[in-house]
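Written below as structure tokens is the structure these notes are about.
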Amino acid sequence: MPHNPARIGPYLCGVGQPLLWIAGPCVLEDFGSALHIAEELKRIASALGVQLVFKASFDKANRTSVNSFRGPGLTAGLQILADIRDKTGLPITTDIHESSQAAPAGEVVDVLQIPAFLARQTDLLVAAAQTGKPVHVKKGQFMAPNDMRHVITKLGEGGCEDILLCERGTFFGYGRLVSDMRSIPQMQALGCPVVFDATHSVQEPGGLGDKTGGNRAMVEPLARAAMALGADGLFTETHPEPDKSPSDGPNMIPLGEIEAVMRRLLKIRTAALG
């Protein structure tokens, strides 16, 4: 059976616990920029009393165009993440796309993330579970909340009991996502803490022709709904200048605005949970 609360690095996430905040840039660009974002997020989390996990991808393997920037790759990217963890003391997460990436990533990060498009990939889930690290699985845009019970079973077969499930939107025709907030309590009923991915939920896949579009103005309204429903965690991507980010810029919250956003969201969650 999965643990609830789940042990995520130095934190507990789930029933009766403070909010787990997973935040960072979409993709690693270089050590200096990633460290700047991590240090600012750490300052904010400390001020707000939030449990922060720093997130960044070493490789964006599911980009719209073959010419899109993907990141520094496995070896260089994991080194950057390891250095950020050493410098800041923050727990770290990153996403993996292939079973062979699980073991090396598991040596560096505190939580392994499975992208939504890969939530049904049995070998990938089992490889992630076998690292002994907690696993955060984003519900596929094509999956019903109850389908995630199979994800839990697969991870359990690999020995993982610290599991986070994530809502990040459902396909609504072509190039559009919609968030069905019923999925938060429905997935919580499966026995795992649930994270709401506020920034990917506003994506418009392929919306800009050769890259993904989005509407960052809708990030906070959706996150407010998730906080009111008692989501256990919140996932947000951020960047000092989102419109200059090489990946998912239209969906990201500007780094200079994210503290005010989080203050408002925490008030709602506190009121909702009493």
Side-chain angles (χ1 to χ4, degrees), residues 8-9 21-42 52-118 121 123-124 127-128 131 133-138 166 168 197 199-200 203 205-206 208 210-214 216 235-255 258:
I8 307 297
W21 184 27
I22 303 172
C26 180
V27 65
L28 289 168
E29 298 174 55
D30 56 66
F31 173 71
S33 63
L35 180 63
H36 168 67
I37 295 169
E39 290 179 333
E40 178 61 7
L41 291 172
K42 181 179 179 179
L52 173 65
V53 177
F54 178 77
K55 177 268 169 188
S57 299
F58 59 79
D59 179 23
K60 302 303 293 184
N62 62 348
R63 298 304 304 275
T64 302
S65 169
V66 70
N67 297 315
S68 296
F69 177 77
R70 290 182 51 168
L74 179 68
T75 302
L78 289 179
Q79 185 60 60
I80 291 173
L81 291 171
D83 290 344
I84 289 173
R85 187 182 185 197
D86 290 343
K87 287 281 188 180
T88 65
L90 290 172
I92 301 290
T93 188
T94 196
D95 44 324
I96 58 172
H97 298 83
E98 300 175 6
S99 300
S100 61
Q101 296 174 342
E107 292 293 321
V108 173
V109 304
D110 299 270
V111 189
L112 287 168
Q113 180 179 295
I114 306 298
F117 286 138
L118 302 177
Q121 296 299 105
D123 289 346
L124 181 62
T131 66
K133 293 298 176 73
V135 182
H136 174 210
V137 186
K138 296 192 176 185
C166 182
R168 52 91 72 230
D197 181 346
T199 43
H200 287 101
Q203 275 186 337
L208 298 179
D210 62 348
K211 56 185 177 181
T212 292
R216 73 172 64 97
F235 180 105
T236 56
E237 289 185 338
T238 185
H239 192 279
E241 297 181 276
D243 292 332
K244 294 183 179 180
S245 170
S247 178
D248 272 358
N251 316 308
M252 288 198 280
I253 304 171
L255 185 61
I258 202 165

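Excluded from the calculations below are hydrogen atoms, water molecules and symmetry mates; all remaining heavy atoms, backbone and side chain alike, are included. Bear in mind that the values here come from a model prediction, so they are computed numbers and not experimental data.
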- Query: Roughly how far apart are Ile37 CD1 and Thr88 OG1, rounded to 0.5 Å?
  - Reply: 12.5 Å
- Do Val137 and Val135 come within less than 4.5 Å of each other through their side chains, counting heavy atoms only? yes
- Supply the atom-to-atom distance Met252 CE to Ser247 OG, rounded to the nearest 0.5 angstrom. 6.5 Å
- Using a 4.5 Å cut-off on heavy atoms from C-beta on, say whether the side chain of Val27 contacts that of Pro246. yes
- Task: Would you mind listing every side chain to side chain donor-acceptor pair (under 3.5 Å) that reaches into residues 25-36, with sequence neighbours excluded?
- Result: Glu29-His239, Asp30-Ser33
- Task: Please confirm whether the backbone N or O of Thr236 pairs with a side-chain atom of Thr199, one donor and one acceptor, at under 3.5 Å?
- Result: no
- Item | Ala102: side-chain contact (heavy atoms from CB on, under 4.5 Å) partners, not counting sequence neighbours | Ile96, Ala127, Thr131
- Task: Report yes if the side chains of Thr93 and His136 come closer than 4.5 Å at any heavy-atom pair, otherwise no.
- Result: no
- Task: Return the set of residues passing side-chain contact (heavy atoms from CB on, under 4.5 Å) with Gln121 (not counting sequence neighbours), or none when no residue passes.
- Result: Leu118, Leu124
- Query: To the nearest 0.5 Å, what is the distance between NZ (Lys133) and CD1 (Ile8)?
  - Reply: 11.5 Å
- What's the spacing between Arg216 CZ and Thr238 OG1 if we round to 0.5 Å? 9.5 Å
- Query: Do any pairs count as a salt bridge (charged side-chain N to carboxylate O under 4.0 Å, His left out) and have a residue in residues 72-83, sequence neighbours left out, and if so which ones?
  - Reply: none
- Message: Applying side-chain contact (heavy atoms from CB on, under 4.5 Å), can you list everything that pairs with Ser57, at least two apart in sequence or on another chain?
- Response: Lys55, Lys60, Asp95
- Query: Nearest heavy-atom pair of Phe54 and Ala34: which atoms, and what distance?
  - Reply: CZ-O, 3.8 Å
- Heavy-atom closest pair (Ala38 atom, Leu90 atom, distance to 0.1 Å) is O-CD1, 3.7 Å
- Query: Cation over ring, Lys138 on Phe235, under 6.0 Å and within 45°?
  - Reply: yes
- Note on the structure: Interatomic distance, CG@Leu81 vs CG@Asp86, rounded to 0.5 Å, equals 11.0 Å
- Smallest heavy-atom separation, Asp59 atom then His97 atom, equals O-CE1, 3.2 Å
- Note on the structure: Tightest non-hydrogen contact, residues Ile114 and Ala128, listed as CD1-CB, 4.1 Å
- Message: Quick test of your reading: applying salt bridge (charged side-chain N to carboxylate O under 4.0 Å, His left out), list the pairs with at least one residue in residues 105-118, sequence neighbours left out, ordered by first then second residue.
- Response: Arg85-Asp110
- Could you tell me the separation between the CD atom of Glu237 and the CD1 atom of Ile258, rounded to the nearest 0.5 Å? 10.0 Å
- Query: Hey, are the side chains of Phe58 and Ile80 touching, using non-hydrogen atoms and a 4.5 Å cut-off?
  - Reply: no
- Query: If you take all heavy atoms of Asp197 and Cys166, which pair is closest and at what distance?
  - Reply: CB-SG, 3.6 Å
- Is any side-chain heavy atom of Leu41 less than 4.5 Å from a side-chain heavy atom of Leu255? yes
